Structure formats: C-alpha cells, structure tokens
Amino acid sequence: MATLVQAIRLALHVGEERHGVTDIFGQDVGPPLGGVFTQTQGLRSAWNSPLDERGIVGAAIGLALAGQRPVAEIQFCDYAFNMVDLLKLAGGICWSSAGDWNCPMVLMTPVGSGIRGSIYHSHSFDAQATRVPGWKIVMPSTPLDAYGLMLSAILDPNPVMYLAPKALLRTKGAHFERIPGEPEDERVLSKMIDAPLGDRSKWRPEWPDVKDVLVPIGQARVCRRGKDVTVVTYGRTVTVAMQAAEALAAEQIDVEVIDLRSLAPYDWPAIEASVRKTRRVCFLNEDTEVTNFGEHLLRRTVEELFYELEAPPKLLAGAHVPGIGLADALERASVPQADKVTSTLRELARHQP
Amino acid sequence: MATLVQAIRLALHVGEERHGVTDIFGQDVGPPLGGVFTQTQGLRSAWNSPLDERGIVGAAIGLALAGQRPVAEIQFCDYAFNMVDLLKLAGGICWSSAGDWNCPMVLMTPVGSGIRGSIYHSHSFDAQATRVPGWKIVMPSTPLDAYGLMLSAILDPNPVMYLAPKALLRTKGAHFERIPGEPEDERVLSKMIDAPLGDRSKWRPEWPDVKDVLVPIGQARVCRRGKDVTVVTYGRTVTVAMQAAEALAAEQIDVEVIDLRSLAPYDWPAIEASVRKTRRVCFLNEDTEVTNFGEHLLRRTVEELFYELEAPPKLLAGAHVPGIGLADALERASVPQADKVTSTLRELARHQP
Amino acid sequence: MISTIPRDPGGAEESALSPELLVRLHDRMLLSRCLEERLIRMNKQGDGFFWVGGPGEEALNTALGLLVHKGQGPAFDYLHLHYRSTATLLAMGAEPIDTLRQMKNTATDPYSAGRNFCNHYSVRKWNVAPVSSPIEVQFSMAIGTAIAQRRTGGTGITVVQGGDAGTAEGDFSSCLVWCSRPSFELPCLMIIANNRWGISTPASEMHAERNIADRGAPFGIKSAVVDGNDAESCYRALEKAMDYVRHERRPFLLEAMVSRLYGHSSASGANFVPDEPDCLVLFEKKLEERRILTRTAMDELRAKYTQQLLEASKRVREEPQPRGEEIWKHVFAEKDVVREGLGPRAVTRNGTH
Amino acid sequence: MISTIPRDPGGAEESALSPELLVRLHDRMLLSRCLEERLIRMNKQGDGFFWVGGPGEEALNTALGLLVHKGQGPAFDYLHLHYRSTATLLAMGAEPIDTLRQMKNTATDPYSAGRNFCNHYSVRKWNVAPVSSPIEVQFSMAIGTAIAQRRTGGTGITVVQGGDAGTAEGDFSSCLVWCSRPSFELPCLMIIANNRWGISTPASEMHAERNIADRGAPFGIKSAVVDGNDAESCYRALEKAMDYVRHERRPFLLEAMVSRLYGHSSASGANFVPDEPDCLVLFEKKLEERRILTRTAMDELRAKYTQQLLEASKRVREEPQPRGEEIWKHVFAEKDVVREGLGPRAVTRNGTH
Ligand SMILES: Cc1ncc(C[n+]2csc(CCOP(=O)(O)OP(=O)(O)O)c2C)c(N)n1
Ligand SMILES: Cc1ncc(C[n+]2csc(CCOP(=O)(O)OP(=O)(O)O)c2C)c(N)n1
Ligand SMILES: [Mg+2]
Ligand SMILES: [Mg+2]
C-alpha cells in the first residue's frame, strides 16, 4: 500500500507524464533531496528554487499565465504568511480581469501538528486558505484521496491549494483503497520509487503504471456512517474522529464521520444530509479557533438548519495562542485530542434538547 | 467637533507629547503630506518610510524591543497581506520568549469600503487581524472612541492593531462626545490643526490642550438600547446598523446596537447580556463572509446561549469574492447595505420560534 | 536633464531613427497624452471615481509598445506593467475608448468589466498580464513567464515595469535573484520608470542608490540608465536592451528617468506640474527643428484627438453600468482559457468537476 | 580555503591577538562544540525532538560574542541572531545547561519554557532578541533597534546575522534599503554566515553573486568577506567592522565563509561531514604550533567539558516538563517589561485596562 506521501509522488508523476505538469518546484524539491518529506523524489520536472516564498508563488503565477502547468511547494505552511497578498492576487486574476485570464496552478504545502514541530512547523493553514476567494482548496487524509485530489488539482483551470497533513504523510491506506496499478507488495513499491539513502546521483525511479483516478473537488467522503451524531472534519483530525467513533461504538453511540476533503468549494449537501439525519454535529479541525473555517460551517448550519438541531452544534479546534509549543504536553493542550473529541461527541449524542 | 481623522491626529499628538510615542511612520506619513487621509499632519514624530511594508512592520517591532514607542502605519490595509508573518511574529514575541520580552507597538491602517476604492482600496482586515493571536485589535466608529482607543493602544504593553474605517474618517461625533479640551467651534479646530493646501513648509499646527481619555480595550459600547433584537457590529457598519435601527423604530421594533470597538479581546459579557435580553442577534460586518470574525462571535453565541435564542442567529457580511468592484452597483452588492440590514433585523424580530 | 548613459550593451554607433518611425512615435505619444488629459477631465467632472496614469512616461512607454513582439503565448513578449503604462497599450494598438470605459467603470470595459481603476489593463491575446494596484508584485510574477520563455526558447521575452519607490519592496530583489541564477538566467527585461517620487515622498530621502540600475551589478545583470524624457534615446535604449534579452536570453535592467506631469493621481489633485521636463514638448520641438512635422500639423493632430476623445467620453457615458449580481461572475474559471489559446500544446482532458 | 579579503575598512596592519584572548577564544569555541555534540547526542537518544545548531560557525560566533557590548537597552548592542548562534551566546556568558534545557523542552528552559526548538535564544537583559525559525525576518526587525540606536547615539549597535540562502528573501533587501537611507544611515552590522547551503540546495545553483557582500555596493554599504574558519581573522574582521559601525554610525555588511559540520539539522541526520574545514581543528593546530596551548591541555579541556555536559544532560532529564495549561501564559504581556528595564525614560502611566 502506498503511503500518503508516496501517493502524492505518484500523482505528480502521472501529472508530469500525462497531464502536462511542467514544473514541480520549491525549496529542496528537486534532487538530491526531493522534498523534506520525500514527496518529490525522482520526478523529472522537480527543481530547487531560491529560499524565497514570494518568488515561488510569483513564479507559479507567471508560469500558469504562460500556459505551463506548475505545482509549487511552500516547504511548511508556517512559511506561507509572507505572501498572502500573492495568494489573493492569484485568486483574483480571473475575477479582476473579468475572465480574460485564468490562473491554473497548484500550490502544495504540508500543514498541521503531530510531529513535535514546535512553533514554526506545526501551523495549520485551512482558516487562512479559506479566506482567499478564487482558490480551490483540498486536503486529503488517505493515500487514495491524496492521489485523486492531486490529479484533480492539476487538471483544474483555477489555482488550487493542496494542504498535506504532515502527520499523515507516512500512513497507509485501507486495503480496498489501493491506487489502481500500484504493486501488491509495499516493499516492491518502496524499492521502485523511494530514493536510496546516501548517493542518489545515479538513482532513477521505476514508476508503476498507475491509472488515473480523479477525486472531484468539492465532494466529501463519508468515512463512517452513523445515525446519532455527525462530525465534520478533514486532514489529520479525520483519524482522531475515527478513533473517537470506534470508542463510542462500544457505548452504542453511532457516529457519522465526514471527511470534507475539499474546503473550497465544500460539500454542503453532504453536511446538510448528515445533520438532517443525526441532528447533532461537531465541526473538528486543529487550526486556531478564532475566525476558524469550522465556525463558517457551523454558522451556515445554524442559519440553514437551526430547527433540525437537537443539540447546540460544537466546534473543536486549536487553542488561540501564538504557536504550538514543543513539549508534548504543550502540543497536546493546543490541538484537539481523541479523549476530548470522544467526550464532546458523547455529550452531543446524549444531549437532551 | 473633531472628525474621526482629527481625533486620531489629536491622540497621536497627545501620545508623542505625554506618553512617550517616539515614531509615527509609514508611507507618506511625514511631511509634506501627513498621511493620505491627513491623519498625521503636523506631528513632530511623523516621518516617511521606504515603500516597504515588511520593513515598516519589522522596524516597528525593533523599535518596540528597543524601548521606543512606535506607531506604524500601513497606508491601506489592502497592502498588509505581504507581511502577515511579521504580524504573527510580533504577536508571538512575548509568548515564544515565555514573557522575557514584550512588544509594545501600534499598527494603524485604514480599512473597509465606502470610498469607491475598487479592488485594492476597499479591503477589510478584521477577519485577518483576529486570526493573529497576541495582538489586541481595536476599531473605532466615532471620534471620541478613535481618540480614546488610540491612547489606550499607545499605553498598552502589547502590539495593538488600530483599524480605522476609512469611510468614517471625515465624520463628526455627537455633541456630547466632545474630546475634553477641543475648541467649541470646528472651524477653529480646523484652522489650528489642519495643514493648509499648497506650500506647507512653514506651517506649524497649534495644538489645543486636549485631556487624556482612555477607552479601555475590550469594552464595547451600547450605541442604542433596545429590547427586541441585538446587532453586534463595529466600524463603518455601526452607522448602517443605526440607520436600520431608526427605520425599525418606526415599526415599533426596538433594536439594540452594540459597537464592539475592540475585536481582541472582545466584550463577551456585553454580547451575552444583550442576547439574554433580546434573544435575537445579528452579527454585522463587511469583511468577506467565509471564515469571518462574526462567525466566531456567532459560534460562541450558539455554544453558550443556544437555549436563550428565539431565532437562528444571523451573520451579515461581505460577499466572498476576490475584491470589491469599482462601479457603484458592484460595491453595493459586495457589502451589507442598510436595506438588507433593516430587513434582516425585522425578520429576526418577527421570527416565530 | 539626465543624459543617456548607455552603459551596457553599449558603444555601437547609433543609427538615426527613420522619419516614419519618429512620426509614429509622436502620434502615439500625443494620443496617449490626450487620452490622459481626457481621463483627468472626466474624473474632475465626476465621470469616474479615480485617476492614475502615465503623463510624463509617454516617450518610454510608446517606444516600448512599438517594440513589443505582440501576440499570445511564450513565443511573444509578456508584459507585466504598472498603472502608468497607457502609452504602451496605445502603441500596441489598444482602442482609446476602452480606457475611457474603464475610467467610467462601464460593463463594456474590456479590461475589468467595471471592476478596476482606469489604466489597469489586461489583454490576454497580447500577453498583457492584469495590472494590479499593489506595488511591485508584477516583479514576482514576471519570474514565471520568463521561466516559461527560457524553456520554450525562441525570441519571446518578459518585460516587467514599475516605479522607483517600489524597488524598496522585496519583490524587486526577488526578480533580480531569480533572473540571474547561474545556468538558469532568464530572458527578462526589468524597467524602472524613475520619476523620483513615491506619492509625496522624494526618492532622494529614501534611496541611497546612485542609480537603481546599479542593483543589477551584484548579480551580474547588465543595466543602463536612459533619459526617459527623450523619445529617441528611449527607443534606442529599449531596442538594444530588448535585442540583448531576446538573443542572449539573459536579464537586463533598464532605468529611465521620467517626469510625473500630473502628480501622483487624482488623490493628489492631478494638476499639471510645470517644473518637470515634458517629453512630448521636447520631442515636438525636435521634430519641428528637424522639419519632420510642422507645429500646425501637430496642433491639428492634438485638436483632432482631443475632439475624438471628448466624443468618445460622451458615448461611454451612455453605456451600461455593471449590475450588482455580476460580482459572482468569474470567481472561478470554468475553462482553461490560457491553455486553450495556446492550441495543441494544452492538455485536452478536463477534470470531472 | 577562502582567504580573508578585508576589502573595507581595510589596509591597516593587523596587530596579533594576545595569548590570553586566543585562549579565551579557544575555550569558548571548544565549549560550544562540545555543547552541540551533546545536543546531537541527546537528540539521537530521544532526549529532545529536534536539533539545529552551529558546529562550523564557532570561530565567527565566538568572536562576535566576545566583542559584543553586552547589556540592556539602546546603549548596548542588540543581537538578532539565527539558530546557529550557540557560540555567540556562550561567549557572552550563557550557561550551557540552559541550552540543554531548551533541547529537552523543560519548564526550566529560560529561553522559551519548553516552547521552542534548541538554540532559539532570547535574553532580554543582554539585548538578544528572540531567535525565530522563519528565515530572514530578523533582518526586518533589526531595522528598528538600529533606528533607536541612531536616535540615542552613543556606541550601541545592532548586529543581525543569517545564512546565505536566506538572502534571497526580501527582508535582506529591506535591511539594505533602510540602513542606507541618505542622511538616515543606521548603525547596523549585517553578518552573513555563508556555508554555501540552504538545507540540500547548493548556493552555486541559486546565487549569481560572486560574494553576497557585493549586495551592499549599490547602496554604498561597505562590506568585507572573511574566512569564517579562521578564528583570528574573524575576530579582527568583526572588531574592525564593529568599530566602524559603532563610531561612524553607518551600516556594514560582513560575509563569513563558514562550514556546516553536521549538515543542516537532525532532519538531515546530523552526522559529521568530514570534507569541510573545521575551524576548531585549524585553530587548535595553530595554538599548538605557536605553543600557546598543548595538545594534552586541549584534550583534557575537551574531556572535561564533555563530562560536565553529560552530567548536565542527566540533570536536565530530571527537570519538570511544562504543563498543558501553561499554553495560556504570556499570550499577552501584563506589564511593559521592555520599558521598565530601561528605567526612568519609560512612561510611568499604564492604561486602565
Ligand atoms: C504594496 C503597496 N504599498 C503601498 C501602495 C500605495 N501606493 C500606491 S502608489 C505608491 C507610490 C509608488 O511609487 P513608485 O513605485 O515610485 O511609482 P510611481 O507612482 O512614482 O510611478 C504607493 C505607496 C500600493 N499601491 N501597494
Ligand atoms: C521563511 C522560511 N522559509 C523556509 C524555511 C525552511 N528552512 C529552514 S532552514 C532553511 C535553509 C536556510 O539556509 P541559509 O539561510 O543558508 O542558512 P543555513 O541553514 O545554511 O545556516 C530553510 C529553507 C524557513 N525556516 N523559513
Ligand atoms: Mg516614482
Ligand atoms: Mg546556508
């Protein structure tokens, strides 16, 4: 089974071979490293850029305008805050030129906590990203989604932000979630496409013949059907929600877990259908909790489904503090943990209106 | 009566004379112009900076660390998106050094629509600002509040963002809201402190002896007491809410208008008390509506006051599009207008639970 | 007046420009001036909310427009211009009435459908990237079109232009760094129109550089300074510089010393500034002296253009304004217009979304 | 090996450093190396999540630490350092065990209370501004402390240091622009520790500058390049440069060619790199040759420090970790510690909030 990061790499490979991707670039994206998380190893269009996020995004915009198909990377989303103006610019190119131009580029960046990354390698970007109109935004939590969303992002005529939950990069998918064409044996896959340690100058990957899979942007995935309470989430916290759901199953509480996968546009029909069914909903993410994207979803839920609700809807999100501290206890206190998610869902399910 | 922009200037003058303000700087802040809205005319500490927002904020941080008392300006908040990382840095200096340092600086910037400023002179900054922990954030809607909040900002040991609603800069306060010490006659005031047109090289302002007034950061102002429905807002839309309230008074709908004044920290007790009374609430601002600060306030209201509510709480905010278009109809369609606010409040008041 | 200092590429004896070319240069310079004067008049009469434009840059910008290899895609020149590039567009063949449409923010404005300020051009079919108000971001975007052109080869180049004050922004530095990477030099012509002002702030107080062009030196980027008030010098300097970039496929930095004949914008009054050299007056004097055009002929031409533009402005006044609901158009592109325009090189498949 | 090229201020014959000074230099360099080796060992043994530090920069950074005018407030030197500045802090007198505490993210870590990565110092009483992970932002902040010192006069200067790759960020350019403004030159020493790498990316592929120091020239900023692997050269170059900045009150740009002896960080393995010159080995050889220290004495000293640090690391292991609820501490400063530390110059009034 491919890991999430291998799935990204496979999709980028398919992108450059079959879908016109011309440039995969950013800091340490090209050889020898191939990305600080191995995400771009062995790709023929991968190259290293100067240490300059503004240049990276500017270059991607220009490449897109010139009919190339760029996939640019910001090494950690923590370092994407010096060019929010350029994100706004890219998101506004089609709109401000009244449709004269479009700007088809992919910007990928690792997000979130979970690797004890301290203040500047633990940031989330979902709230910031959803504040920039004109972008599509995706965030996978499984290898197959990572693969299919990347291909959809590459083919989209708009700028697409691809948020990769860094804590999940090494996780594998479920058996039925295989990428069509990937080798049965994960050691075989690793041997084919993972760069060796040490000297890599002579190494070339051997790409498996994987098939196209497009995960449509804007479509959520119901990871677990349930009837008692809904949790709407994405990225790393999907796994936390699933843990909580398993724990609660033992208590006869049946949790529906929705992995949003796309944040813009997002799958309102999926949320609506679930809330109409369970009448209890928790929005879960790990970005800081003031002016948080989950608050948008909650607001819309309240505006449109107020009388469907049998409990006050909840948000679980990150603490509104300037960073995530290095020590274990600090990180754990800063982002929602399984126990808190479990107790919140339990309370929602048991809530007497 | 001082206008809002004159009130800012008076406060900055008091700041440099009595409270240690050492530097008031930014693009075109110093002579001869004294700010694109006249906000810094005649101030002895005002100086012009290079055209470099990152340098401006970096300089302010450094000045603060060196014990100076800087008030930096970003000419339009539309141009503040290339240094969000530095805002985060400033907001995190105390926290990441575990209290070793603090960073007392004021960053002021004009915000919002209302002057037909098109795509890049109409932005709001409240949603973005509230996403940066460690900052206090204020936004006046009257001259006296503008004055008192600026003095509080100057005296605060933390970084304070001062968002000035540009459409209100030329508006005057109510009679009872005079700044203590300002001349009775507004023409006299203008003659004393407004720079003449043409050559200003010999002009010196004559400052009235205004007294200190501190508007505490974190304290809302109830602009209008009412019992039927609450509107929580700030900045330019305070005036829109007041118009709507007047219109509805004729229909025997009694609207309570809360001017939040501080966005961080914000006055939750004031919101809570009002919602407990009216049981119907609308959050109103003009920033784009996805991942909007009003959504945070609404979420907290739902979480804490769900069973107090007799109608689904509402958000009225700006359209989630890449910019505000120049043409009248485009601007009007992009930010909440009085008629929409009025009808929303009417519906809320008349809503049958 | 600053004289032409062709430092590099230099030396070669300069052939005189043909009389036909001089007449053509004059024609477009004059038309551009008349257009700006019409725009200013419109703004003062309330037909349009804001004026910013290029009176004083006509010599430079007309020459640029005449020298551009016009067309769509990397085989032709990409243009990343600023809000003073009126003459460039007219010299390329833009219809003056379209500029009036943008001034009056009509629905018929082909550059932004009434969304953007005047002189904010966007012409995909001629590779003119959307002009946007934030200073200097075009220098980041230019990197990308130049990378594309480095790859595709041929003679298409990237031209990026901005003001003097804006070079303090990091984006200018980014462009220098990225354009000069060893073995990765980019075919990019950077033009600085140095009018010695940033709004009200004199360059002499902000910039230690003797010439901004000197900033190329540390990167091995060749540069020149040209008298932007001399049309022939501009033409020759641009011709040389473009020729160098086209064929050497390396960057070049050209600084032109220009005038700012109506101040910064309508925000500063848009009144004629008598004490700066006027490139049009100087050029007309030369043409008269050399008996290429008579005073009468030039006066008649001016009268004709003035009259035509007056009539055009009346027509524009009758044209429809955009409707509010149009703000929702073009937030996302539905198809990939950029790549479709490039023909068979574009990917043929679109996503399923 | 790169030889010292004192370009400016230059020429004067160099007096030999005293034996006492050489011994002191060696002592702190050695201690710093032993400390880094202990940190790396701790990380490999699981005592600390991440290592980044300065082995290879000891010659430069020790000299800097010894030459700093240490104290609080603008009369003393401000330091805006990077994550390789271990030796600077030790030379200033920092306790090695405190660095171990930060490595082990204990509650007792005086620099960040367990919040930040190791070698991210913050010492207000010595004017050491908080080191933060985002590359190059210290070059923006440095502007501010230098402005303060320009104002207060005296001999205090601002020192800002970063790596080579980081100079591609706009902040480096900002620092050059702001430091060299005509009649507003700033007493700022910019140091580039050029190890020819940005993580995995060689400078030779990203930077056309023959020397990064050349980037001062367009701004009239004097500069020099020094062999960072030669302790004496470093000391003398820094002494000269600091003397110039202190007394001329003008900026200086010093580039030191250094080694990166354990790779980028623990993320890249933190293994010893045998093929780069080792400043400590070179210095010890010299000291032995000149009979200032014997091999045995130096070996014994190394053994002593190694032992002391091992013991200290064991002690640190027993120290308490921060508790989760502490994340809420220091989000806001309650008092103005920066200005209080400066004594009577600070405003005496605090706000009422
Ligand atoms: C990033 C940014 N900051 C500030 C502004 C406001 N502003 C508009 S024009 C201008 C001065 C530009 O000066 P210069 O670059 O010399 O160009 P000029 O207008 O003189 O042609 C400023 C500060 C802006 N548009 N963008
Ligand atoms: C703004 C920013 N972008 C990216 C990174 C990730 N990063 C950490 S260190 C580094 C390389 C820095 O190279 P250089 O400036 O030469 O310093 P060195 O580590 O070589 O001392 C990068 C890209 C970062 N920390 N900050
Ligand atoms: Mg200028
Ligand atoms: Mg380096």
Side-chain angles (χ1 to χ4, degrees), chain A residues 18-20 22-23 25 47 49-50 52 54-70 82-83 85-86 88-105 133-136 151-158 212 214-219 262 265, chain C residues 73-74 78 80 109-116 120 122-125 127 129-130 132 134 137-149 151-152 158 170-171 173-175 177-178 181 184 326-327 329-339 341-342 345-347 349-353:
Chain A
R18 298 206 284 265
H19 303 301
T22 51
D23 297 84
F25 69 105
W47 51 272
S49 78
D52 173 20
R54 299 186 61 77
I56 291 169
V57 177
I61 297 173
L63 282 162
L65 298 184
Q68 312 294 297
R69 187 65 70 171
N82 59 3
M83 49 72 177
D85 61 321
L86 296 178
K88 289 170 75 75
L89 196 77
I93 279 178
C94 183
W95 190 89
S96 19
S97 69
D100 187 32
W101 290 89
N102 65 313
C103 184
M105 60 180 273
W135 281 79
K136 298 190 176 177
L151 289 183
S152 292
I154 287 167
L155 291 166
D156 202 281
N158 294 283
D212 280 5
L214 298 181
V215 171
I217 297 180
Q219 212 174 83
S262 293
Chain C
Y78 281 99
H80 301 269
D109 151 27
Y111 307 124
S112 69
R115 293 172 176 189
N116 217 338
H120 284 58
S122 167
V123 189
R124 183 169 51 89
K125 67 172 194 273
N127 278 352
S132 75
V137 292
Q138 69 271 35
F139 283 84
S140 286
M141 291 192 287
I143 296 166
T145 53
I147 293 175
Q149 290 173 314
R151 172 174 304 140
T152 54
T158 286
D171 303 75
S173 169
S174 292
C175 198
V177 169
W178 287 67
R181 286 178 50 206
F184 205 79
E326 280 166 25
I327 63 169
K329 272 177 83 171
H330 308 301
V331 174
F332 289 114
E334 259 125 63
K335 50 181 198 164
D336 198 341
V337 292
V338 165
R339 288 163 72 92
L342 300 178
R345 276 195 338 98
V347 281
R349 266 185 83 160
N350 267 310
T352 56
H353 39 281

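Here the structure is a predicted model, which means the values were calculated and not measured. Per chain, numbering begins at 1; letters A, B, ... match sequence-line order.
- Both the backbone and the side chain of C:V331 come within contact range of chain A, each with at least one heavy atom under 4.5 Å from a heavy atom of that chain.
- For C:H120, the side chain to side chain contact (heavy atoms under 4.5 Å, CB included) partners are C:V52, C:Y83, C:Q102, C:N116, C:F117, C:V131, C:S133, not counting sequence neighbours.
- Between A:W47 and C:W178, the two ring planes are perpendicular [angle over 60°; tilted spans 30° to 60°].
- Annotation: side chain of C:T145 is not in contact with side chain of A:L63 (no heavy-atom distance under 4.5 Å).
- A distance-only check finds a donor-acceptor pair linking the side chain of C:R339 to the backbone of A:G67 [under 3.5 Å].
- The candidate from C:A129, C:G73, C:C175, C:P110 with the greatest count of non-hydrogen atom pairs under 4.5 Å with chain A is C:A129.
- Ranked by heavy-atom pairs under 4.5 Å with chain A, the first of C:R181, C:H80, C:E326 is C:R181.
- Heavy atoms of A:I154 lying under 4.5 Å from chain C are absent altogether.
- The distance from atom CD1 of C:I143 to atom CG of A:D52, rounded to the nearest 0.5 Å, is 6.5 Å.
- Neither the backbone nor the side chain of C:A142 comes within contact range of chain A, judged by heavy atoms closer than 4.5 Å.
- When each of A:I93, A:L89, A:N82 is scored by its heavy-atom pairs under 4.5 Å with chain C, the top score falls to A:L89.
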Set out, in order, the CA-CA distance, both residues' side-chain angles and the distance that settles side chain to side chain contact (heavy atoms under 4.5 Å, CB included) for A:C94 and C:H330, then state yes or no.
CA-CA 6 Å; A:C94 183; C:H330 308 301; 4.1 Å; yes
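- For the pair A:S97 and C:P130, the minimum side-chain heavy-atom distance is below 4.5 Å.
- Residue contact with chain A, scored on non-hydrogen atoms closer than 4.5 Å, involves the backbone of C:Y111 exclusively.
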Report the C-alpha distance between C:V137 and A:D85 in whole Å, list the side-chain angles of each, state the deciding distance to 0.1 Å, and finish with yes or no for side chain to side chain contact (heavy atoms under 4.5 Å, CB included).
CA-CA 9 Å; C:V137 292; A:D85 61 321; 3.7 Å; yes
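- Residues meeting the side chain to side chain contact (heavy atoms under 4.5 Å, CB included) test with A:N102, sequence neighbours left out: A:P104, A:P157, C:A333, C:D336, C:V337, C:V338.
- If you measure heavy-atom distances from A:A64 to chain C, the contacts under 4.5 Å come from the backbone alone.
- Between C:K125 and A:D100 there is no salt bridge, since no side-chain nitrogen of the basic residue lies less than 4.0 Å from a carboxylate oxygen of the acidic one.
- Looking at C:S132, only its side chain comes within 4.5 Å of chain A, counting heavy atoms on both sides.
- Taking CE of C:M141 as the reference point, atom CG of A:L65 lies at 7.0 Å (rounded to 0.5 Å).
- The heavy-atom pair separating C:S112 from A:S96 by the smallest distance is CB-O, 3.2 Å.
- Of the possible polar contacts, one joining the C:R115 side chain to the A:W95 backbone as a donor-acceptor pair under 3.5 Å is found.
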